[in-house]
Chemist: 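Before anything else, here's the structure in question.
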2 protein chains.
Amino acid sequence: MRRKITLKQIARELDVSISTVSKALKNSKEISADTIQKVQAFAKLYNYRPNNIALSLKNRKTNTIGIIIPEIVHHFFSKVIRGVELVANKRGYNVIIGLSNESFSKEVINMEMLANGSIDGFILSMSKETLLQQDYHHYNETMNQGMPIVMFDRVVSDIKCDKVIVDDFNGAKNAVEKLISNQCKHIALITTKDYVSVGRLRTQGYLEALEENKITPQAELILKMDDTLDYEVHLEKLEAEIEQLFKAHKNIDGVFAVNELYALSAMKVARRMGLNVPNDIQVIGFTDGVLSKHSTPSLTTVSQHAQLMGERAADLLIDKIETEFNAEEEQFQTVVINTELVERESTK
Amino acid sequence: MRRKITLKQIARELDVSISTVSKALKNSKEISADTIQKVQAFAKLYNYRPNNIALSLKNRKTNTIGIIIPEIVHHFFSKVIRGVELVANKRGYNVIIGLSNESFSKEVINMEMLANGSIDGFILSMSKETLLQQDYHHYNETMNQGMPIVMFDRVVSDIKCDKVIVDDFNGAKNAVEKLISNQCKHIALITTKDYVSVGRLRTQGYLEALEENKITPQAELILKMDDTLDYEVHLEKLEAEIEQLFKAHKNIDGVFAVNELYALSAMKVARRMGLNVPNDIQVIGFTDGVLSKHSTPSLTTVSQHAQLMGERAADLLIDKIETEFNAEEEQFQTVVINTELVERESTK
DNA sequence: TTTTAACACGCAAACGTTTTCGTGACTTTC
DNA sequence: GAAAGTCACGAAAACGTTTGCGTGTTAAAA
């Protein structure tokens, strides 16, 4: 077992200086043809590769981007990562991941761990706890140190940085319009509490679609779940509440849910109550997940193009990393990704 | 915007040497109490953090581990990552990911990219293409350079390194025994072609369970799918073949599938043919996925404990990284993770 | 033959750390 | 009052690169 070979070792072996070796490998015209030939042959033989860490230190550039997300076992986020990795790799960058697990402190720790030289910039989506606490000092400190940040999906306007978001408002609106045009008269909304901007916007889309179609929104048809609970408990509670909703309003003939699990639960409860989807009740969910495609009936969804979000975020970040930082006149962009209604069996 | 502060800047500011600053921050007893106090106060004020890259270079240690997987948008792999990240973080390591996308060349490129100093060791699962080509030179070269590798799930015995695998044989065997004890007499197996060791072992488990229960395996009840096809095409073909199988053997009353999609497809086809799951036909799938839990009927599965695999792999790797490399008498371990039968509605 | 130019290479600094060793200024000891 | 010891700090090397500049040797020009 031999360690990786360095310039120094090649230099010693060939009895030239380190700089000569370095230049020879770059075909510098300062170096004679036979020295170049000799060095390159030797380097190839020993499979020389420059040490990334040394390069990073010298260039003050790591060619690595950090991505911090609340959870990885989640289709939306893993698709985003795939997108990030795709363009990062194409543009010569590595990707290092940190999971906040929806915790504020883990988010802070992870960011500090990476911000000390390990990466050139961040792509991140805020944890729920951070959204609740509204404490953004770690983002601002990071950016003050000259490290660019691109946020995606879960963003807040208080933070000045590049962002990639889904068009939640219109995605929701289109979905509800679809239900309306499919003759639904009483459309329920199943959503989360409003502290996540994403949920708020989807609710607004729902309301606007109703109003534009002269349907008066009814507060009783809106179910707001507290999603900070434990997952299992949450699911049971969810089903119970949906059942209650359906029983209290037998005329509900359409459901728009802000995520996959809510939509699936609605279908499950409906079936249990002897209702047929889509004949008695039509359901649309806002999601990119796998469940929709394989459920029975398969679920009509508002697709978020998660992978595309990742790609756009990575491009945005790398662009920023690679452009000269010009004065204080920095411009921040917000890229909006359009949603797409994927029609399946849960709607007519 | 100020850049991150360095020892040199603190030294200049306080009019002491760099070494004094460094020592003062470490409470060295070489340094007087007031100098220590002064330096630490200043460092705190400016939020000094040592530069990771410089440390990595100096210590020849990055405290980062690389993980290379075929695909990230996949429950099994993302759960493994979560496990890896969990213990890596706990032990002071970062995780950098590379996706091979099931391609041999991408696997090689990714490994080379990371092997040049960026990380201290690899955790990886082989791409299908690598398994097919049986070209393992990149693993061996990496290990020859003193970089440890831990493989998980998809492994081959030709490569000498630490491994974490699922007990595929017994997992499959237990599942089939469950079907047998549930009175199934004609159990079909839906699997992939044999080049992945994992599939081969599961098939063996299936066979052994039958034989131990005096049931003669019938080759016609074994469906081997070619999973190198395009996903969509694959799925259609899969359903067609399952339907054909069911029609040709009306007495099939149990199905064991080596993955989630195969199991779900089997249930789907069964339902389409008017068969009731689990009354007419019982199904068990080998998987950790989400679909099983939310399908109707929910699917009984052989759970692989993916997160635990990730945790064990990370521990194994970090242990190896942190122990002195003692001579040529290196020992490699293979950790076997036991499976667990999670009973749901698709079995009686 | 002397001056100039081209060539081929080495030196050294820099990136930000850590750590060994050396040293000047005091203090203690005899 | 001289020798020895303690204290507090700085210089320098090392990790592995890249690159501007200096320099000795040779060849071409005057």
Chemist: For B:H74, which residues count as a ring-ring contact (aromatic ring centres under 6.0 Å, His included) partner, sequence neighbours excluded?
Modeler: B:F77
Chemist: Return the minimal non-hydrogen interatomic distance between A:V84 and A:G310, and the atom names on each side.
Modeler: CG2-O, 3.4 Å
Chemist: Ion pair present between B:E71 and A:R82, side-chain N to carboxylate O less than 4.0 angstrom?
Modeler: yes
Chemist: Expressed as a whole number of angstroms, how long is the span from B:D15:CG to D:dA8:P?
Modeler: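 These atoms are roughly 18 Å apart.
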Chemist: Would A:D120 and A:K320 pass as an ion pair if we require N to O under 4.0 Å?
Modeler: no
Chemist: If I take atom CG in residue A:D34 and atom P in nucleotide C:dC7, what distance separates them, rounded to the nearest angstrom?
Modeler: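 After rounding, the gap between these two atoms is 14 Å.
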Chemist: In whole Å, what is the span from the CG atom of A:N52 to the P atom of D:dT17?
Modeler: 10 Å
Chemist: Report all interatomic pairs (protein N or O, nucleotide N or O of nucleotides 25-28 of chain D) with separations under 3.5 Å.
Modeler:
none

Chemist: In whole angstrom, give the distance that lies between atom CD1 of B:I36 and atom C1' of D:dC7.
Modeler: 13 Å
Chemist: For each nucleotide in nucleotides 14-21 of chain C, reading 5' to 3', give B when a protein heavy atom comes within less than 4.0 Å of its base, S when such contact involves only the sugar-phosphate, and - otherwise.
Modeler: BBBBBBBB
Chemist: Answer yes or no: is there an ion pair linking B:K38 with B:D15, defined by an N-O contact shorter than 4.0 Å?
Modeler: no
Chemist: Just checking, any donor-acceptor pair under 3.5 angstrom between side chains of B:Q307 and B:E311?
Modeler: yes
Chemist: Rounded to whole Å, please give me the gap between CD1 in A:I31 and P in D:dT18.
Modeler: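 Interatomic distance, CD1 of A:I31 to P of D:dT18: 13 Å.
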Chemist: Taking only side-chain nitrogens and oxygens of A:S32, does any of them come within less than 4.0 Å of OP1 or OP2 of C:dC9?
Modeler: yes
Chemist: Please work out if B:S56 contacts a base, only the sugar-phosphate, or nothing of the nucleic acid, heavy-atom cut-off 4.0 Å.
Modeler: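 No contact.
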Chemist: Under 4.0 Å, counting only non-hydrogen atoms across every strand here, what does A:S28 touch: a base, just sugar-phosphate, or nothing?
Modeler: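 A:S28: no heavy atom of the nucleic acid under 4.0 Å.
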Chemist: Going from CD1 on A:I65 to CG on A:L317, what distance comes out if it is rounded to the nearest 0.5 angstrom?
Modeler: 5.5 Å
Chemist: Would you check if there is a donor-acceptor pair between the side chains of A:Y93 and A:E85 at a distance under 3.5 Å?
Modeler: no
Chemist: Whole angstrom is fine here: how far is it from CG in A:N27 over to P in C:dA8?
Modeler: 14 Å
Chemist: For side-chain hydrogen bond (donor to acceptor under 3.5 Å, both in side chains), just list the numbers for A:Y139 and A:E107, CA-CA rounded to whole Å, side-chain angles, deciding distance to a tenth of an Å, and then say yes or no.
Modeler: CA-CA 10 Å; A:Y139 304 137; A:E107 185 175 288; 2.3 Å; yes
Chemist: Expressed as a whole number of angstroms, how long is the span from A:L14:CG to C:dA8:P?
Modeler: 17 Å
